[in-house]
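Below: the structure, in structure tokens.
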Amino acid sequence: MTVFLCGFMGCGKSTIGKLAAKKLGCGFCDTDDLIVRTLEMTIPEIFEKKGEPFFRQTEAEIVKSLCGKTAVAACGGGAMLNPDTAKAAKDAGAEVIFLDVPFETCYDRIKDDTNRPIVVNSTKEQLEELYNNRKGIYLKHSTIRLECIGSPVENAEKIAELLRK
């Protein structure tokens with residue numbers, strides 16, 4: 001089974017995803033890392049040279065290519081906002097888990113990250129508006145909502161328990 005973790009930047013998709021994959025005995029991948037390796041450019045370079053629409057298209061292709069694989073995949077913050085990508089995951093029978101983390105927690109984790117073009121080019125208020133706009137879409141496109149109130153290890157264990165049922 002493919003498990004996609006979605007949520008806002010800084011919600012812990014990569015950290016929790018690695019731990020959950022280990023608990024489930026399957027592989028882990030990060031879609032942003034796959035994009036960087038595929039295009040041989042950093043995310044800021046991709047945004048600057050090719051633009052965000054190109055990045056989003058590449059992201060959608062990567063997510064679709066993972067459908068049907070036995071893995072936990074941490075998706076970029078915008079991946080499951082694309083209805084076609086979300087539909088591909090749903091049609092493949094993948095679980096899409098929304099990691100629901102408060103904005104302030106996410107912001108504290110991302111505010112100084114220069115590898116995130118959207119963060120670099122946005123104020124805190126703009127990021128909070130983006131967070132609020134995306135939250136409903138994450139809820140709509142996910143099969144499971146996980147309120148991440150514990151440690152990454154505890155959240156990974158919750159994921160493993162949910163998926164074993």
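Only a predicted model underlies this, so the values are computations on that prediction, with no experimental measurement involved. Values reported hereafter were calculated over all heavy atoms of this structure, with side chains retained and with hydrogens, waters and symmetry mates removed.
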Shared hydrophobic cluster for [X] and [Y] (ILVMFWY, side-chain gaps under 4.5 Å):
| X | Y | result |
| --- | --- | --- |
| Phe47 | Leu130 | yes |
| Ile16 | Val153 | no |
| Met9 | Leu5 | no |
| Leu34 | Phe4 | yes |
| Phe54 | Leu81 | yes |

(message) Suppose the criterion is ring pair (Phe, Tyr, Trp, His ring centres under 6.0 Å): which pairs have a residue in residues 141-160, not counting sequence neighbours?
(response) none
(request) Run the salt-bridge test on Arg164 and Glu157 with the 4.0 Å N-O cut-off and return the result as yes or no. (result) yes
(message) Taking the basic N atoms (NZ, or NE/NH1/NH2) and the acidic carboxylate oxygens, is any pair closer than 4.0 Å for Glu161 and Lys23?
(response) no
(request) Over 60° means perpendicular and under 30° means parallel, so classify the ring planes of Phe8 and Tyr131, tilted if in between. (result) perpendicular
Keeping [X] on the side-chain end and [Y] on the backbone end, is there a donor-acceptor pair under 3.5 Å?
| X | Y | value |
| --- | --- | --- |
| Thr143 | Val96 | yes |
| Thr2 | Gly68 | yes |
| Ser142 | Arg145 | no |
| Lys13 | Leu99 | no |

(message) Working note: Lys18 + Asp30, criterion salt bridge (Lys or Arg N to Asp or Glu O under 4.0 Å); need CA distance, chi angles, decisive distance, verdict.
(response) CA-CA 9 Å; Lys18 288 174 191 168; Asp30 182 306; over 6 Å; no
(request) Drop me the distance from Glu128's CD to Asn132's CG, to the nearest 0.5 angstrom. (result) 5.5 Å
(request) Have a look at Phe98 and tell me which of Leu146, Ile144, Leu139, Ile137 forms a side-chain contact (heavy atoms from CB on, under 4.5 Å) with it. (result) Leu139
(message) So Leu66 and Thr31, do their side chains get closer than 4.5 Å, heavy atoms only?
(response) yes
(message) Using side-chain heavy atoms (C-beta onward) and a distance below 4.5 Å, is Ile62 in contact with Glu59?
(response) no
(message) A quick test of your reading: do over 12 heavy atoms of other residues, nucleotides or ligands sit less than 6.0 Å from NZ of Lys64?
(response) yes
